[in-house]
Amino acid sequence: MSEGDSIGESVHGKPSVVYRFFSRLGQIYQSWLDKSTPYTAVRWIVTVGLSFIYMIRVYLLQGWYIVTYALGIYNLNLFIAFLSPKVDPSLMEDSDDGPSLPTRQNEEFRPFIRRLPEFKFWHSATKGILVAMTCTFFEAFNVPVFWPILVMYFIMLFCITMKRQIKHMIKYRYIPFTHGKRKYKGKEDVGKTFAS
């Protein structure tokens with residue numbers, strides 16, 4: 001191998017201008033993502049706003065139904081992963097190797113760990129909406145199709161998938177949503193001090 005064969009390096013061993021540019025761009029993007037992490041409600045409001053803008057665009061242009069259907073299927077898969085536990089209890093029935101979800105009241109509390117965390121769910125859904133929005137600017141993605149068939153198929157797919165997911169939740173007794181952390185009260189401090 002000669003000098004400059006490694007990725008992102010020029011002939012003289014220094015990173016190329018293009019590599020440095022995209023590296024810096026990636027750092028800025030990650031910085032903005034890191035800053036947005038604590039603002040869950042704001043992130044989701046922006047995503048819902050983007051999806052609303054996308055729906056208005058598709059409605060006004062009267063097209064890109066295949067792109068919209070693909071976006072719906074993609075978001076459905078993300079949502080199912082968001083609702084699913086990281087370790088599937090149905091796979092853990094046969095082996096007693098790892099931790100499992102509690103099935104009785106007196107068992108130890110184990111928090112629900114998602115297969116797809118909320119932040120990654122938001123990030124992937126937002127990227128999907130932006131990609132779909134970008135596709136609406138290219139006529140090549142506007143495939144003519146009878147859209148009511150796609151809507152009926154998506155509704156049917158959504159109902160079947162959610163029914164299966166709800167049955168899974170009932171069978172293995174887990175709820176994918178928590179309403180806050182458990183709070184334990186300790187002894188109250190009466191504020192008395194010892195005088196010597």
Side-chain angles (χ1 to χ4, degrees), residues 29-30 32-59 64-135 147-184:
Y29 178 70
Q30 188 62 47
W32 279 99
L33 281 179
D34 293 342
K35 288 177 184 175
S36 72
T37 302
Y39 304 106
T40 307
V42 174
R43 287 188 283 117
W44 281 105
I45 289 170
V46 168
T47 300
V48 168
L50 280 173
S51 64
F52 186 69
I53 291 169
Y54 174 77
M55 287 187 277
I56 289 173
R57 180 166 171 75
V58 167
Y59 177 75
W64 288 273
Y65 300 121
I66 292 290
V67 174
T68 305
Y69 176 72
L71 176 63
I73 295 295
Y74 178 69
N75 285 335
L76 179 63
N77 284 332
L78 290 175
F79 185 62
I80 293 300
F82 177 72
L83 292 178
S84 300
K86 187 172 184 176
V87 178
D88 192 0
S90 63
L91 299 175
M92 297 299 292
E93 277 184 342
D94 299 333
S95 65
D96 294 330
D97 297 343
S100 62
L101 293 171
T103 55
R104 288 187 273 326
Q105 184 70 22
N106 59 358
E107 283 189 27
E108 177 186 352
F109 172 73
R110 291 187 184 96
F112 182 79
I113 301 172
R114 301 177 186 285
R115 186 174 355 148
L116 182 67
E118 181 272 331
F119 185 81
K120 289 184 180 181
F121 177 35
W122 165 79
H123 189 236
S124 298
T126 306
K127 284 193 307 188
I129 293 168
L130 291 174
V131 167
M133 183 88 72
T134 304
C135 289
W147 64 267
I149 297 293
L150 289 178
V151 171
M152 290 301 295
Y153 184 67
F154 179 77
I155 290 171
M156 196 169 59
L157 185 65
F158 178 81
C159 291
I160 290 170
T161 306
M162 289 309 295
K163 180 181 176 184
R164 188 178 67 210
Q165 185 67 30
I166 291 170
K167 281 184 176 180
H168 192 268
M169 286 186 232
I170 292 170
K171 181 177 180 181
Y172 295 103
R173 297 183 183 112
Y174 66 91
I175 299 174
F177 302 106
T178 56
H179 301 290
K181 289 184 174 180
R182 290 184 179 184
K183 295 182 181 179
Y184 299 101

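Contact check for Tyr65 versus Val151: no side-chain heavy atoms found under the 4.5 Å cut-off. Side-chain atoms of Arg115 and Leu83, non-hydrogen and from C-beta on, never get closer than 4.5 Å to each other. Using a 4.5 Å cut-off on side-chain heavy atoms (C-beta onward), Ile73 and Tyr153 make no contact. Residues Tyr74 and Lys127 fail the side-chain proximity criterion, which asks for heavy atoms closer than 4.5 Å. No side-chain heavy atom of Val87 sits less than 4.5 Å from a side-chain heavy atom of Ile113. Between Trp122 and Thr40 there is no side-chain heavy-atom pair separated by less than 4.5 Å. Between Met156 and Met152 there is no side-chain heavy-atom pair separated by less than 4.5 Å.
Residue Arg164 holds its CZ atom at 13.0 Å from SG of Cys159, rounded to the nearest 0.5 Å. The distance from the OG1 atom of Thr134 to the OH atom of Tyr54 is 10.5 Å, given to the nearest 0.5 Å. Taking CH2 from Trp64 and CZ from Arg57, the interatomic distance works out to 6.5 Å, rounded to the nearest 0.5 Å. Rounding to the nearest 0.5 angstrom, the gap separating the CD1 atom in Ile160 from the CD atom in Gln165 is 14.5 Å. Interatomic distance, NZ of Lys163 versus NE2 of His168, reported as 16.0 Å (0.5 Å rounding). Annotation: the span from Leu157 atom CG to Tyr69 atom OH amounts to 6.0 Å, rounded to 0.5 Å.
In this structure, Thr37 and Phe119 approach most closely via the heavy-atom pair OG1-CE1, 3.7 Å. For the residue pair Ile129 and Leu71, the shortest heavy atom distance occurs at N-CD1, 3.8 Å.
No more than 12 heavy atoms of other residues, nucleotides or ligands shown are found within 6.0 angstrom of CH2 on Trp147. The number of heavy atoms from other shown groups lying within 6.0 Å of CZ (Phe82) is above 12.
Of the residues listed (Leu78, Ile80, Asn77), the one engaging Leu116 in a side-chain contact (heavy atoms from CB on, under 4.5 Å) is Leu78, and it is the only one.
A tilted orientation is assigned to the rings of Tyr29 and His123, their planes being inclined by 30° to 60°.
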